[in-house]
Amino acid sequence: MRIALFPGSFDPFTKGHEDIVLRASKIFDEVVIGIGKNSQKKRFFPLDFMVEKIEHTFAENPKVKIHTFQGLTAAFAQEIKAKFLLRGLRNTTDYEYENSIAQVNRNIFDGLETVLLITSPEYAYISSTIVRDIYRYGQTVDKYVPYLLPSFQEFQEKYAEL
Ligand code: ADP
């Protein structure tokens, strides 16, 4: 079984990410979206909140699974028997970064191949950072994420620690 791990922060998961997952699900038997938990970095969208949104997005797609993980991506890939790491490429900045982490990941877990899918042009400009910034200023982000988000005010009331 060809399992691909798509690791990331997904803070938030965007239509750009969704596009990569849908295209990869035509190549692999299973695509596991792995949300990395980083104790050094505080999330904007809480982990449970984002897991629920992603689960909802792929509810009808049995090939797509969602997990959270802590620690090394390569170690988690090994744990779930994923021989492929899936990443998206938008531009040369992504390429520089992906090139170096792909080498490191293959050194950690021999045989772990990174598969890079080139972004679809309509999503090339979407980044989680931009979506967060727009949302924070009270604008709708429906065009950029594949699920519904409450207004920023409602979101803040519910997640008071923000
Ligand atoms: P990380 O914090 O690991 O960079 P992200 O959640 O920002 O995680 O991104 C996960 C992966 O998705 C990365 O490979 C990134 O390049 C890719 N990606 C992000 N936005 C897009 C997009 N709009 N189109 C294609 N790939 C994307």
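Every number for a ligand or one of its atoms is a count from 1 in the order of the listing. In this chain, numbering begins with 1 at the start of the sequence shown.
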**Student:** Between T140 (side chain only) and D142 (backbone N and O only), is there a donor and an acceptor less than 3.5 Å apart?
**Tutor:**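 Between the backbone of D142 and the side chain of T140 there is a qualifying donor-acceptor contact (under 3.5 Å).
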
**Student:** Hey, does the side chain of R90 reach the backbone of I126 with a donor-acceptor pair shorter than 3.5 angstrom?
**Tutor:**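 Yes.
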
**Student:** Hey, can you tell me if F49 and F45 have their rings parallel, tilted or perpendicular (30° and 60° cut-offs)?
**Tutor:** parallel

**Student:** For ligand 1, list the protein residues that place a heavy atom within a distance below 4.0 Å of one of its atoms, sorted by chain and number.
**Tutor:** F6, P7, G8, S9, F10, G16, H17, I20, R87, G88, R90, D94, E98, T119, Y123, I126

**Student:** Compute the ring centroids of Y147 and F13, then answer whether they are less than 6.0 Å apart.
**Tutor:**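 Between F13 and Y147, which both carry aromatic rings, the centre distance is not below 6.0 Å.
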
**Student:** Find the distance between NZ (K15) and NE2 (H17) and round it off to the nearest 0.5 Å.
**Tutor:** 14.0 Å

**Student:** Can you name the nearest heavy-atom pair linking D11 to S128, along with the distance?
**Tutor:** O-CB, 3.6 Å

